[in-house]
Amino acid sequence: MTDPSPRRRPRLPFSPWHLLLAPLALLFAVPLIWLGLSSVMSDAEINRFPPALWPSGIHLGGYRFVLGNAMFPRWFANSLIVSAVAVVSNLLLGTLGGYAFARMRFGGSRVLLVLMLATMAIPFQLTMIPTFLVMRKLGLVDTLGALIVPSLVTPFAVFLLRQFFLSLPRELEEAAWIDGCSRLRVLFQIVVPLSRPALSTVAVLTFLTTWNDLSWPLIALNHDANYTLQLGLTTFRGQHHTQWSAVMAGNVITVLPVLLAFLAAQKTFVRSITSTGLKG
Amino acid sequence: MSRLPTPITRPAPRTPARPARRRGRREAATAWAFVLPSVLVILGLSVVPVLWSLLLSFQYSDLLTPSVWVGWDNYRQLADDPQFAQAVRNTLEYTALYVPLSIGLGLVLALVLNRRIRFAGLYRTLLFVPFVVSAAAQGVLFSFILDPEFGAANSLLHHLGVSPQGFLSDPGQALLVLVGISLWSGTGFCVVIYLAALQDVPRELTEAATLDGAERRHVLRHVTLPTIAPVSVFLLLWQTISALQVFDLVYVTTKGGPLGSTTVIVYFVWEQAFRNFTAGYGAAAAYVLGVALLVAAAALRLVRRRGDRRIEGATS
């Protein structure tokens, strides 16, 4: 197809950039495709050398094992509880705190805001040992409470919502004020309905970080009945490293909720994640 | 008017002072009620632990018996600890590879995807999907794919006639493999951030430059890249901070091995505190990393401020 036109490169029926993008996109997709495929293979197919690259049929043995004999349903419930509480509580406390910082005057508010912002820069490993000690003092170690309490509200949620509330026109609230509404009513009947983009950002990022967290559950939990999915999957792999189909089935169960949420609300996810960046 | 929250610059309200003050006090009480839960959780679980950590780093503590004050001993011991030195080296190597590669690859891909290419949305989705996969799931998945005996990677190499590799079990390869896995999951983040930034580059600017006869690469170098420079600085900072703190992936895949070749600083801290029960020593190591992060962030701030001034100087 070397068309000897004088100044232009040889013409492809598509943009040459696809030659870079298509293989790369495939490379990014293949591990996840392989995850799905191997979760429905039989152990015999996986354990022979070289392993099969395509399942001979759909074997649900891995899923059956994981859902029947193992603790996966329990871990799934634990993860769901922790993430759901974190999302609801971040929305609620973030809204209250963010609104107070955006619209209300009270002594010490500036110092407090700066202090809260500064905590965002504190790396986790500086706080993890004493946080463990605090949780032990509270009697929460090895309970879901130890995971829930630190994730109740993040400075990110407070700050993001404050910034959003500041961008709303004051007039709407002022009208309600003059009608004698209380702060709380103004907040929940006027401000919150206008703040869906910011609230969904907080919800998405809170869910993503709590669902995916491994290091804090690893420190705070001891008994496998209290594990979250991430921690459970990790220890499960350590104990059943020859039953790869079961491990991969467990992995699918761990990844699927986030993956489905992402595919269902891709725009919100991408907007949320870029919103962390473009303010920096 | 005095009922409304007034900006500080506004003149004093015209209504009598007393009721206004009382109302102000009630307003302040409400505000405090609004922020109190957040303040308790956030400051209680960050400021308190940070100070506690500092104290701990000057103590001998096994997390169970009362701790003993040992002064600078922990820090002195760190300076002579070859394992800690290796952890610092591994962390720096990982960071030095992962940060520029993820940002560079992210920038190139974003620039390509920004050219209104077909299937751009699909490509973006595929590149970004790994970012939402947890480190635990990534670690388990790649331990499987890269398993030296049963893994698909070696099977593929076998078909291509390449001898099997050790991957995560080879001390010479493990850290590089971890960088590779992190690139798989982290590049999409850079792509998405850059794509959003590129959409904010004013079209008039690039079009004007093109009309003036600038070639594409000149437009890129003199218009597009300077415009998105703040985003590049942000990514540099963000990726560096997350790279210096890498832990989950290491814990799931290699546990610091083989032969300590993937022991990173946070893994070292965790191991000291929760495996060896030398929490004071771990806290000291954490503080060394904390100070390093602070210096890195401050240096970047400085660079950025100087950069801003240069841009201001150029436009005025």
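In the text below, chain A, chain B and the rest are named by the order of the sequence lines, each starting its count at 1. Computed from heavy atoms alone, side chains included, the values below leave out hydrogens, waters and symmetry copies.
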Centroid separation under 6.0 Å, is that true for the rings of Phe124(A) and Phe247(B)?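 No; Phe124(A) has its ring centre 6.0 Å or more from that of Phe247(B).
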Flag the pair Phe131(B) / Phe262(A) as yes when their ring centroid distance falls below 6.0 Å, and as no otherwise.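 No, ring centres 6.0 Å or more apart.
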Under 4.5 Å from any heavy atom of chain A, what part of [X] do you find: side chain, backbone, both or neither?
{"X": "Arg118(B)", "result": "both"}
{"X": "Val133(B)", "result": "both"}
{"X": "Leu127(B)", "result": "both"}
{"X": "Tyr287(B)", "result": "both"}
{"X": "Leu113(B)", "result": "side chain"}
{"X": "Ser61(B)", "result": "neither"}
{"X": "Thr187(B)", "result": "side chain"}
{"X": "Leu56(B)", "result": "side chain"}

Rounded to the nearest 0.5 Å, what separates atom [atom1] in [X] from atom [atom2] in [Y]?
{"X": "Phe128(B)", "Y": "Phe269(A)", "atom1": "CZ", "atom2": "CZ", "answer": "8.0 Å"}
{"X": "Asp213(A)", "Y": "Asp248(B)", "atom1": "CG", "atom2": "CG", "answer": "6.5 Å"}
{"X": "Trp52(B)", "Y": "Leu133(A)", "atom1": "CH2", "atom2": "CG", "answer": "4.5 Å"}
{"X": "Tyr251(B)", "Y": "Thr234(A)", "atom1": "OH", "atom2": "OG1", "answer": "7.0 Å"}

Engaged part of [X] at the chain B interface, taking heavy atoms whose separation is under 4.5 Å:
{"X": "Leu112(A)", "value": "side chain"}
{"X": "Phe236(A)", "value": "neither"}
{"X": "Leu229(A)", "value": "neither"}
{"X": "Gln230(A)", "value": "both"}
{"X": "Val252(A)", "value": "neither"}
{"X": "Leu26(A)", "value": "neither"}
{"X": "Ser15(A)", "value": "side chain"}
{"X": "Ala22(A)", "value": "both"}
{"X": "Met128(A)", "value": "both"}
{"X": "Arg271(A)", "value": "neither"}
{"X": "Thr154(A)", "value": "backbone"}

Taking only distance into account, with no hydrogens and no angle test, what donor-acceptor pairs under 3.5 Å do side-chain atoms of residues 30-46 of chain B form with protein atoms, sequence neighbours excluded?
residue	atom	partner	partner atom	Å
Thr30(B)	OG1	Arg26(B)	O	2.8
Ser38(B)	OG	Leu93(A)	O	3.4
Ser46(B)	OG	Ile42(B)	O	2.5

Minimum heavy-atom separation for [X] to [Y], with atom names?
{"X": "Pro31(A)", "Y": "Leu141(B)", "result": "O-CD2, 3.5 Å"}
{"X": "Pro123(A)", "Y": "Gly290(B)", "result": "CG-CA, 4.3 Å"}
{"X": "Arg183(A)", "Y": "Glu27(B)", "result": "NH2-OE2, 2.8 Å"}
{"X": "Trp184(B)", "Y": "Phe28(A)", "result": "NE1-O, 2.9 Å"}
{"X": "Leu233(A)", "Y": "Ala137(B)", "result": "CD2-CA, 4.0 Å"}

Main chain of [Y], side chain of [X]: is a donor-acceptor contact present, judged purely on distance under 3.5 Å?
{"X": "Ser53(B)", "Y": "Leu126(A)", "answer": "yes"}
{"X": "Asn212(A)", "Y": "Ala135(B)", "answer": "no"}
{"X": "Arg237(A)", "Y": "Phe144(B)", "answer": "no"}

With respect to chain A, which residue among Leu63(B), Val129(B), Leu293(B), Ile145(B) yields the maximal number of heavy-atom pairs within a distance under 4.5 Å?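 Greatest number of close heavy-atom pairs with chain A: Leu63(B).
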In terms of heavy-atom pairs under 4.5 Å, which option from Val47(B), Thr125(B), Val269(B) contacts chain A the most?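 Looking at each of Val47(B), Thr125(B), Val269(B) in turn, Thr125(B) comes out on top.
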Atom CH2 of residue position Trp17(A) - does it have more than 12 heavy atoms of other residues, nucleotides or ligands inside 6.0 Å?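 No - once you tally the heavy atoms of other residues, nucleotides and ligands closer than 6.0 Å, there are 12 at most.
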What option among [options] has the most heavy-atom pairs under 4.5 Å with chain B?
{"options": "Leu20(A), Leu259(A), Val134(A), Thr95(A)", "answer": "Val134(A)"}
{"options": "Ile219(A), Leu187(A), Val158(A), Leu115(A)", "answer": "Ile219(A)"}
{"options": "Leu32(A), Thr131(A), Leu24(A)", "answer": "Leu32(A)"}
{"options": "Leu218(A), Thr119(A), Val258(A), Val149(A)", "answer": "Leu218(A)"}

Could you go step by step and tell me if Leu21(A) and Phe119(B) meet the side chain to side chain contact (heavy atoms under 4.5 Å, CB included) rule? CA-CA 10 Å; Leu21(A) 287 170; Phe119(B) 308 124; over 6 Å; no
Within-4.5 Å side-chain heavy-atom neighbours: Arg124(B) and Val270(A): yes
Would Thr274(A) and Gln199(B) satisfy side chain to side chain contact (heavy atoms under 4.5 Å, CB included), going step by step from the backbone distance to the final call? CA-CA 12 Å; Thr274(A) 49; Gln199(B) 251 127 55; over 6 Å; no
Aromatic rings Tyr123(B) and His18(A): how do their planes relate, parallel, tilted or perpendicular, breaks at 30° and 60°? tilted
Please name the residue in the list Val247(A), Thr254(A), Val255(A), Leu35(A) that meets the side chain to side chain contact (heavy atoms under 4.5 Å, CB included) test with Val140(B).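 Option passing the side chain to side chain contact (heavy atoms under 4.5 Å, CB included) with Val140(B): Val247(A).
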Sort and list the pairs that fulfil side chain to side chain donor-acceptor pair (under 3.5 Å) and have at least one residue in residues 232-246 of chain B, not counting sequence neighbours. Tyr98(B)-Gln239(B), Ser102(B)-Gln239(B), Tyr194(B)-Ser232(B)
